[in-house]
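Take a look at the structure below.
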Amino acid sequence: MKQTTPVSRSGRFAGGPAADVAEFTESISFDRRLWRQDIAGSMAHATMLRQAGLLTQRELRAILRGLDAIGREIKAGKFTWQSELEDVHMNIEAALTRRVPAGAKLHTGRSRNDQVALDMRLWLRDQLVELLGETRLLQRALVQLGEREQGVIIPGYTHMQRAQPVYLAHHLLAYVEMLARDSQRLQECLARVNVCPLGSGALAGSTLPLNRELVADLLGFVDARGCPQVTQNSMDAVSDRDFAVEFCSSAALLGVHLSRLAEDLVLWSSTEFNFIRIADAYTTGSSLMPQKKNPDVAELIRGKSGRMIGNLVALLTLLKGLPMTYNRDLQEDKERLFDSADTVRATVRLCAAMLDHTQVNRESCRAAASDPALLATDLADYLVRKGLPFRQAHHAVGALVALAERLGKPLDQLSLAELRSVEGKFAADALRVFDLGQAMARRELTGAPGTREVGKQLARWKKLTA
Ligand code: ARG
């Protein structure tokens, strides 16, 4: 049996684990991306150890210098990661101790269990800040497209059947609203991520006089008023991964929202709809059919939501029934979290870029929106204004739709006599209902796709996303 000797085995063990065990249990292949956070956490911890009298000033200086040098080496790609050292924490600590004898004091009052929880929170905090900015840019791209095409009207659909006319901007602003709620969720997640677990030790804190608030303060774990935020239960702090679940959940929902937008774009760019043209740079060709231009970016945005849902389910499954406190199962959290963060951020960025490179075919939109059947409900509302109960009005207009179909003409081409043959309350002004411009002006309620209201909402979002 081939054996290796990692540092965590010192003392207790006669030899290292079997080679295939090391390979099975390592996390360095994926957690090395936490190196920045690991070094920042260690620097803050060491600074606190000095204040607690557990390091001399000289030891602290040596540790900080050593960590800084390691950080520069990693950044330059010159650091040798050793898989027998298992994870990012032990790789960095071992490298430090090789250079600086005081490195052996760095782990005082600390466990990898609170260290890894710290690193992940620091990492996720940065990701959340970036994602929130990117989400705002996506909202801005939607608002700008809506503004550029402010007068464009398209059919709104239910059951994928033409229903009522809406401004294209109104349709796009629906996604801006979804993204606003996604951002709120991410903000709330950020507040719960931003709590420092260091000082929780392996599971039961430490007998040493550590200053948790100082570490929290040094690492920016503070609330809006600048008060340090530290976890309040050591067992919870080392075994809780709610913050990762919450993030993966919010990311999955954001991804699901974008999958719907992507599906709209796929449909709209088809020859059947022809509402939009996505720039060549955001489409691909077919290896066989020379005429094809496929909306692959939109399709992948739709598809990527699947892996984010998968990551969420994987994390929840990982945590279900896990006994207190830290168990090695938790190492499986990182790839899911990393993947969700990478995926959601790429999806948001690509979606914004694609929208910036999408043109609207106003003529096709106009042709589709001029289908008079879209205003059948307006015709029923006309009868309601004339005093007819809505159910009767609905029935009368339904009969007119059937009549027009039988006569083979559009709804707005029926004569007054034909209208009156179904319902006597129709007068000469009835057909004015089919003036699309006026129909859009009449939709005045808050949240309705009316001309004034959509203008108001566009202005509101333009300001909010500026
Ligand atoms: N690589 C581990 C993880 O990702 C770090 C914590 C290990 N702790 C331990 N007691 N083995 O969870």
Side-chain angles (χ1 to χ4, degrees), residues 4 6-9 16-17 19-45 67 70-98 103 106-107 110-128 130-131 193 196-198 200-203 219 237-245 247-248 251 307 310-312 314-315 317-319 322 325-345:
T4 55
V7 288
S8 66
R9 302 207 135 215
D20 50 356
V21 169
E23 198 183 311
F24 186 67
T25 55
E26 66 85 25
S27 57
I28 190 63
S29 55
F30 50 86
D31 70 12
R32 67 172 71 166
R33 70 188 287 183
L34 296 173
W35 68 267
R36 273 197 184 81
Q37 290 73 25
D38 201 71
I39 288 176
S42 286
M43 285 180 162
H45 183 65
L67 286 170
I70 291 169
R72 273 185 280 115
E73 261 176 50
I74 298 173
K75 196 166 177 205
K78 293 192 185 120
F79 187 83
T80 324
W81 298 102
Q82 289 176 264
S83 66
E84 32 335 329
L85 291 176
E86 203 178 299
D87 56 26
V88 64
H89 323 296
M90 293 212 286
N91 265 269
I92 291 177
E93 190 191 332
L96 178 70
T97 309
R98 269 199 306 276
L106 177 62
H107 215 47
R110 188 176 72 171
S111 156
R112 273 183 299 154
N113 297 352
D114 56 353
Q115 191 177 359
V116 71
L118 171 73
D119 291 4
M120 286 174 70
R121 284 173 181 267
L122 284 170
W123 184 85
L124 188 53
R125 198 170 71 179
D126 291 347
Q127 295 293 315
L128 276 161
E130 295 293 324
L131 175 58
V193 167
C196 188
L198 211 65
S200 302
L203 78 161
L219 292 170
V238 295
S239 64
D240 141 61
R241 292 293 182 272
D242 318 5
F243 67 90
V245 172
F247 174 78
C248 286
R307 52 195 287 167
N311 289 337
L312 171 63
L315 269 191
T317 311
L318 188 66
L319 296 173
L322 207 62
T325 54
Y326 180 87
N327 297 273
R328 193 61 176 273
D329 314 44
L330 290 177
Q331 182 169 291
E332 287 289 308
D333 59 0
K334 271 166 280 305
E335 286 163 292
R336 302 300 109 225
L337 178 67
F338 295 164
D339 187 69
S340 276
D342 292 342
T343 305
V344 74
R345 289 188 55 197

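Count residues from 1 along the sequence.
- In this structure, the side chains of Asn113 and Leu203 stay at 4.5 Å or more apart for every pair of heavy atoms.
- The shortest distance between side-chain heavy atoms of Ile28 and Gln82 does not fall below 4.5 Å.
- Between the CG atom of Leu34 and the CD1 atom of Ile39 there is a distance of 11.5 Å, given to the nearest 0.5 Å.
- Under the 3.5 Å distance criterion, the side-chain polar atoms of Asp114 are matched with a main-chain donor or acceptor of Gly201.
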Full working for side-chain contact (heavy atoms from CB on, under 4.5 Å) between Gln37 and Leu118: CA-CA 8 Å; Gln37 290 73 25; Leu118 171 73; over 6 Å; no
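- Taking every heavy atom of both residues into account, Asn311 and Ser340 meet most closely at ND2-OG, 3.0 Å.
- Looking at heavy atoms from C-beta onward, Glu93 lies out of side-chain contact with Ser42 at the 4.5 angstrom threshold.
- Val193 is not listed as a side-chain neighbour of Phe247, based on a closest heavy-atom distance of 4.5 Å or more.
- To the nearest 0.5 angstrom, Leu322 atom CG is 11.5 Å from Asp240 atom CG.
- The line from CG of Leu85 to CE of Met90 is 6.5 Å long, rounded to the nearest 0.5 Å.
- The stretch residues 22-45 participates, sequence neighbours left out, in these salt bridge (charged side-chain N to carboxylate O under 4.0 Å, His left out) pairs: Arg33-Asp342.
- Listed here is the closest heavy atom pair of Leu96 and Gly103: CD2-CA, 3.8 Å.
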side-chain contact (heavy atoms from CB on, under 4.5 Å) between Leu318 and Arg336, worked out: CA-CA 11 Å; Leu318 188 66; Arg336 302 300 109 225; over 6 Å; no
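- Partners of Trp123 under the ring pair (Phe, Tyr, Trp, His ring centres under 6.0 Å) rule, at least two apart in sequence or in another chain, are Phe338.
- Between Arg112 and Glu86, at least one side-chain N (NZ, or NE/NH1/NH2) sits under 4.0 Å from a carboxylate O, which counts as a salt bridge.
- At least one side-chain heavy atom of Ile74 sits less than 4.5 Å from a side-chain heavy atom of Ile92.
- Separation of atoms CG (Leu337) and NZ (Lys334) is listed at 9.0 Å; rounding is to 0.5 Å.
- Proximity of a side-chain donor or acceptor of Gln331 to a complementary backbone N or O of Thr25 within less than 3.5 Å is detected.
- Atom CG of Asp119 sits about 9.0 Å away from atom CG of Leu198, to the nearest 0.5 Å.
- Taking 4.5 Å as the limit, every side-chain heavy atom of Trp35 sits out of range of all side-chain heavy atoms of Asn91.
- For the pair Arg241 and Asp329, the salt-bridge criterion is not met [side-chain N within less than 4.0 Å of a carboxylate O].
- Annotation: the span from Arg345 atom CZ to Leu128 atom CG amounts to 10.0 Å, rounded to 0.5 Å.
- In terms of heavy-atom proximity, Ala40 sits nearest to Leu219 at O-CD2, 3.6 Å.
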